[in-house]
2 protein chains.
Amino acid sequence: MLGNPPRDRKAERRAGTRAEILAAAWALAHEQGLSGISLRDLGARVGMRAQSLYSYFDSKFAIYDAMFAEGNALLLERTSSLPSPRDPDAGLRAGARVFFTFCVEDPARYQLLFQRTIPGFEPSAESYAIAGKVLEAATARLHAAGITTDRGRDLWTALLNGFADQQIANDPGGDRWGRLLDDAIDMFLAHLRGPGGQY
Amino acid sequence: MLGNPPRDRKAERRAGTRAEILAAAWALAHEQGLSGISLRDLGARVGMRAQSLYSYFDSKFAIYDAMFAEGNALLLERTSSLPSPRDPDAGLRAGARVFFTFCVEDPARYQLLFQRTIPGFEPSAESYAIAGKVLEAATARLHAAGITTDRGRDLWTALLNGFADQQIANDPGGDRWGRLLDDAIDMFLAHLRGPGGQY
DNA sequence: GTCTATATCCAGATAGAC
DNA sequence: GTCTATCTGGATATAGAC
């Protein structure tokens with residue numbers, strides 16, 4: 001087949017190594033905490049000296065930034081691959097459950113994406129854009145369920161965030177808040193559709 | 001007046017210096033972030049070399065621990081000095097507002113007390129006991145309002161925590177979630193007292 | 001692309017003189 | 001109780017040989 005795009009083996013190998021470095025960085029974050037990642041250790045994981053990592057990433061923050069983008073891309077993929085059910089409430093519930101599970105299954109990732117406690121680190125505009133799409137998707141599910149105000153969205157995010165936070169902080173590995181989530185969504189929906197609503 | 005307890009001037013001065021060090025540590029936390037505190041800088045703030053701080057605290061973590069205790073003690077003081085109103089719902093609301101304000105007014109403190117992202121740091125049992133009393137007081141206010149189940153308490157803490165978290169992360173210095181708090185409490189109370197309740 | 005070597009700087013903590 | 005001096009170890013990052 002003439003006309004096949006030529007494969008750039010060099011670029012492929014480079015991308016592969018970058019992915020390998022990121023995977024090792026996640027593993028380190030799980031074991032030592034997010035701020036416990038050192039370039040020494042990270043290099044050792046992939047069989048390099050710390051200095052050689054600079055061939056793949058410009059700085060340590062660039063690695064955090066790639067992790068931030070990767071995490072958000074995964075969340076976006078999970079939420080957008082959800083089926084669109086007839087019942088918009090069911091869609092809302094499914095999205096909430098996906099988000100909650102995503103947060104709880106990896107506290108280090110949760111810290112990087114949502115708590116942002118690394119001094120000096122700010123995600124790049126490109127990475128941040130992915131996070132924006134995640135929020136867009138959530139807003140769309142809220143709209144489908146008839147919740148269109150800023151107040152409604154802010155209440156929703158506070159609720160979900162609070163659940164994830166408490167589960168991670170006070171019952172890691174457990175289900176103490178997870179099993180209350182559906183009930184909390186009932187509460188939320190009833191309130192927003194109830195009388196005297198300001199929504 | 002015979003029988004006055006003798007003042008221990010040495011101990012007083014020591015306690016004063018400890019307090020001064022803690023105040024400087026808070027100031028540094030505000031400026032550089034919680035994990036940005038270094039003993040060098042901290043010593044410089046109080047006119048000492050870093051090494052001299054070891055006369056007052058056993059380690060850097062001991063300083064964090066004292067800050068943790070101090071923060072919780074302040075929160076406990078604020079919540080227990082609230083008047084006990086006739087209306088238990090009003091008490092609940094007042095407690096929530098105090099908590100929310102406390103969190104939002106000092107993000108570094110919020111991080112130390114509630115997010116616990118400093119690698120390796122665990123509060124001592126004594127410090128942790130103060131935090132326990134804060135939770136006890138909140139539980140008592142919930143009981144007074146007729147909410148006695150674990151589920152109710154867990155839903156309450158998730159809600160409050162989520163509000164504080166969102167306010168700090170997404171609208172620092174603003175009031176975007178603060179002005180929704182009362183409405184959220186309405187939602188919470190209506191749900192817990194509503195029909196088909198599991199509480 | 002990876003290495004050695006190095007620069008630069010910082011951290012927390014200890015010993016011992018005064 | 002504070003100091004000087006020092007220990008030990010860590011960090012991120014750069015230069016240049018191969």
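Just so you know, these numbers use all the heavy atoms, side chains as well, and skip hydrogens, waters and symmetry mates. Chain naming here is simple, since letters A, B, ... match the order of the sequence lines and numbering starts at 1 in each.
Here A:Ser52 does not reach the OP1 or OP2 of C:dG1: none of its side-chain N or O atoms lies under 4.0 Å away.
Counting only residues at least two apart or in different chains, side-chain hydrogen bond (donor to acceptor under 3.5 Å, both in side chains) contacts with residues 16-26 of chain A comprise A:Trp26-A:Glu70. Among residues at least two apart or in separate chains, salt bridge (Lys or Arg N to Asp or Glu O under 4.0 Å) pairs with a member in residues 75-95 of chain B are B:Arg78-B:Glu105, B:Asp89-B:Arg193, B:Arg93-B:Asp182, B:Arg93-B:Asp186. Sorted by first then second residue, the ring pair (Phe, Tyr, Trp, His ring centres under 6.0 Å) pairs that include residues 90-117 of chain B, not counting sequence neighbours, are B:Phe99-B:Phe114, B:Tyr110-B:Phe114.
Atom-to-atom, CG of B:Leu53 to P of D:dT2 comes out at 9 Å; the value is rounded to the nearest Å. Atom CE of B:Met48 and atom P of D:dT4 are 13 Å apart (whole Å). Between the C1' atom of D:dA13 and the CZ atom of A:Phe57 lies a distance of 16 Å, rounded to the nearest Å.
For B:Arg179, there are no salt bridge (charged side-chain N to carboxylate O under 4.0 Å, His left out) partners two or more places apart in sequence or in a different chain. The salt bridge (charged side-chain N to carboxylate O under 4.0 Å, His left out) search around B:Arg141 returns none, not counting sequence neighbours. Scanning for side chain to side chain contact (heavy atoms under 4.5 Å, CB included) contacts around B:Asn170 gives B:Gln166, B:Trp177, with sequence neighbours left out. Under the salt bridge (charged side-chain N to carboxylate O under 4.0 Å, His left out) criterion, A:Arg49 pairs with no residue, sequence neighbours left out. Residues passing the side chain to side chain contact (heavy atoms under 4.5 Å, CB included) test with B:Glu31, sequence neighbours excluded: B:Ala27, B:Arg45.
Pairing analysis of DNA chain C (Watson-Crick: purine N1 to pyrimidine N3 plus N6-O4 or O6-N4; G-U wobble: N1-O2 and O6-N3; both under 3.5 Å) yields stems of 3 or more pairs at C:1-18 with D:1-18.
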Per-nucleotide protein contact string for nucleotides 12-18 of chain C, where B marks a base within reach and S marks sugar-phosphate only (heavy atoms under 4.0 Å, - for neither):
SBB----
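There is a side-chain donor-acceptor pair under 3.5 Å between A:Thr117 and A:Gln111.
For the segment residues 18-26 of chain A, the set of residues with a heavy atom within less than 4.0 Å of an atom of DNA chain C is empty.
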Side-chain atoms of residues 5-12 of chain A: list all donor-acceptor pairs with protein atoms under 3.5 Å, sequence neighbours left out, distances to 0.1 Å.
from	atom 1	to	atom 2	distance (Å)
A:Arg7	NE	A:Glu12	OE2	3.1
A:Arg7	NH2	A:Glu12	OE1	3.0
A:Asp8	OD1	A:Lys10	N	3.2
A:Asp8	OD1	A:Ala11	N	3.0

